[in-house]
Amino acid sequence: ALLLLGARYFNFNFYNRFDLPVEVSLSQKASFMIAREAVKDRPVFGYGPGNFYLAFDKFKPPAVNNSVFWNVRFGNGASELLNLPVNTGLVGLGAMLILIFFAGKAVAAGAKREVSQFGAEVVAAEFSQPSAAGGDFGKAEAGDEQTNLSADIALPSFGNRLSSQSDVGTVPKAERPRAEIELAFGTKGRKDKGDAPKAEGVKDKFNIGTGTGNVGTGTGTLWQTIPALLAGLTLFTLYPLSNIVLLFSFWLILSLVAAALGADQSGRKVMMNNSSWPSILSSLAFVLVLIFGLVGGYALWRKTQGEYYFARAQRMTIDSQAAFEETARLLAGAVNANNNDIRYLNGLGQLILSRIGVELNNRTDQPEVVAARLQQLTQNAVQAANQMTANYKNDTASWTNAGFIYQNLVQLIGGADEAAIAAYREALKRSPYAPEIYVRIGAVYLDRAERNRAALIDARNRRVTVRNEKEVLDLVVGDY
């Protein structure tokens with residue numbers, strides 16, 4: 001916990017530290033505000049795992065636009081505690097808090113049990129030893145029914161007690177790293193060492209002086225789970241589990257706590273006959289784990305396949321029609337493998353737009369061939385834009401990218417300007433404080449106004465009558 005706190009709030013000048021990328025996150029205040037508004041909007045299940053950026057787009061603090069991060073989409077809050085209500089709603093947050101509560105409660109109960117057991121065994125070990133005067137401490141006279149204890153004898157320390165024994169036997173310190181004390185507390189009198197009966201509920205031997213922390217049954221590891229649990233809580237409350245290291249560390253800590261809590265349950269037995277509920281539930285759990293494992297494995301394979309195609313497409317050098325077709329094929333394969341990643345469709349749309357620009361400046365091939373290519377490329381671009389908005393209808397980026405594609409097709413398709421403005425306005429519904437979207441809408445209006453104005457001037461210069469000149473003028477004035 002100290003290391004985590006120090007790494008967050010203090011600057012350490014490690015070797016080559018400045019070569020590492022800077023990690024920037026939202027403030028606790030901004031994260032709390034976004035989480036609060038997200039819970040109001042979708043209180044039960046939230047926006048879905050990994051969809052914090054959707055809530056950020058919708059509830060982004062306006063003050064962010066006054067910083068250098070005005071065009072950055074944050075995918076996580078300042079901590080996992082503030083991520084959960086956004087991604088999983090109150091259901092996920094409550095489940096995690098209940099898990100942490102019961103883990104802490106079990107650790108506290110186990111620690112309290114060990115303290116009680118430690119105290120009982122210490123008292124039993126002390127009372128079973130001879131007195132400081134060399135006689136048997138608590139030795140009963142013949143005929144007594146219970147052990148007599150001297151009230152005026154204080155309990156000395158273990159070191160003095162063990163070093164002053166004469167009747168138990170002397171063991172050199174160098175040869176005994178651990179002293180073993182036979183317990184015979186609760187008997188009528190102390191018998192010889194060899195045949196001293198065990199006291200009921202007390203273990204045979206009690207380990208002292210080695211610093212191992214073993215108490216009775218050796219479950220002292222519960223004390224070691226307290227720092228681990230505190231470290232897990234620190235990760236949970238101060239850091240977003242957005243990278244694999246933090247995520248693995250958090251769940252590893254919880255797993256260690258669970259393992260330590262179950263260390264003293266080895267004697268518990270569960271009957272697993274054919275008609276018992278544990279047997280039925282265990283079989284059902286096994287089937288569910290198998291099904292979800294297979295489904296998850298298939299999804300992971302498709303995701304990996306999409307990343308493979310996308311990585312190959314990024315390495316391509318597009319210097320010919322054949323290279324363009326191969327890159328488009330790889331990106332299409334990435335989209336078919338995993339249509340949940342917006343990067344693939346966005347990359348395909350950008351590739352098509354770049355190729356349209358090349359074909360517009362193509363003076364080598366026949367005009368008919370170029371026109372056919374442009375028509376096909378335009379259809380592919382529109383299809384990519386429509387698929388973006390269909391697959392990721394809640395994502396601001398999908399509508400923004402679609403609007404950008406339509407904006408670049410204004411000179412090739414009638415009505416592309418209206419489609420671009422409509423897409424940008426849909427993006428504004430999901431991210432009302434994104435200034436770049438307003439800039440793009442203004443750019444579409446300005447471009448349309450300039451084109452219509454130039455067309456009117458050209459018509460007047462050529463003395464061509466424009467039937468709807470008044471409507472065009474009104475449109476130009478409105479666009480300006």
Around [X], counting heavy atoms of other residues, nucleotides and ligands shown, do more than 12 lie under 6.0 Å from its [atom1]?
X: Glu37; atom1: CD; result: yes
X: Tyr433; atom1: OH; result: no
X: Gln383; atom1: CD; result: no
X: Arg453; atom1: CZ; result: no
X: Tyr480; atom1: OH; result: yes

Out of curiosity, [X] [atom1] to [Y] [atom2], how far, rounded to the nearest 0.5 Å?
X: Phe45; Y: Leu90; atom1: CZ; atom2: CG; value: 10.5 Å
X: Ile352; Y: Asn380; atom1: CD1; atom2: CG; value: 5.0 Å
X: Leu456; Y: Asn461; atom1: CG; atom2: CG; value: 11.0 Å
X: Ile405; Y: Leu409; atom1: CD1; atom2: CG; value: 7.5 Å
X: Leu360; Y: Leu377; atom1: CG; atom2: CG; value: 9.5 Å
X: Ser431; Y: Phe56; atom1: OG; atom2: CZ; value: 8.0 Å

Look only at the side chain of [X] and the backbone of [Y], and say whether a donor-acceptor pair between them is shorter than 3.5 Å.
X: Asn87; Y: Phe52; answer: yes
X: Arg302; Y: Asn336; answer: yes
X: Ser31; Y: Ala78; answer: yes
X: Asn386; Y: Val382; answer: yes
X: Trp399; Y: Arg425; answer: no

Is a salt bridge present between [X] and [Y], judged by a nitrogen-to-oxygen distance below 4.0 Å?
X: Arg430; Y: Asp57; result: no
X: Asp341; Y: Lys303; result: no
X: Arg73; Y: Asp395; result: yes
X: Glu359; Y: Arg355; result: yes
X: Glu368; Y: Arg373; result: no

Nearest atoms (heavy-atom pairs only) where [X] meets [Y]:
X: Asn76; Y: Pro240; value: CB-CB, 3.9 Å
X: Ala35; Y: Val86; value: CA-CG2, 3.6 Å
X: Trp70; Y: Pro435; value: CE3-CG, 3.6 Å
X: Leu82; Y: Phe32; value: CD1-N, 3.8 Å
X: Pro61; Y: Ala30; value: CG-CB, 3.9 Å
X: Tyr392; Y: Ser398; value: O-OG, 2.5 Å

With side chains defined as the heavy atoms from C-beta onward, is the minimum distance between [X] and [Y] less than 4.5 Å?
X: Phe102; Y: Leu97; result: no
X: Ile356; Y: Asn408; result: no
X: Lys58; Y: Tyr47; result: yes
X: Val358; Y: Phe324; result: no
X: Val410; Y: Arg448; result: no
X: Lys60; Y: Met33; result: no
X: Met388; Y: Asn346; result: yes
X: Leu345; Y: Asn339; result: no

Under the rule for side chain to side chain contact (heavy atoms under 4.5 Å, CB included), what residues qualify as partners of [X], not counting sequence neighbours?
X: Val72; answer: Phe69, Phe74
X: Gln314; answer: Phe310
X: Thr327; answer: Ala313, Met316, Ile318, Leu331, Leu351

Exercise for the section: Show your working on side chain to side chain contact (heavy atoms under 4.5 Å, CB included) between Gln387 and Asn391 and close with a plain yes or no. Expected result: CA-CA 6 Å; Gln387 193 170 353; Asn391 292 353; 3.5 Å; yes

Handout entry: Any side-chain donor near an acceptor of the partner, Tyr424 and Gln407, under 3.5 Å
Key = yes

Handout entry: CA sep, side-chain torsions, deciding dist, call: Asp417, Tyr445, side chain to side chain contact (heavy atoms under 4.5 Å, CB included)
Key = CA-CA 8 Å; Asp417 50 354; Tyr445 281 129; over 6 Å; no

Problem - side chain to side chain contact (heavy atoms under 4.5 Å, CB included) evaluation trace for Gln321 with Glu326 - result: CA-CA 9 Å; Gln321 179 67 22; Glu326 177 64 16; over 6 Å; no

Practice task
Determine, stepwise, if the pair Glu426 / Thr396 fulfils side chain to side chain contact (heavy atoms under 4.5 Å, CB included).
Solution key: CA-CA 8 Å; Glu426 287 293 330; Thr396 304; over 6 Å; no

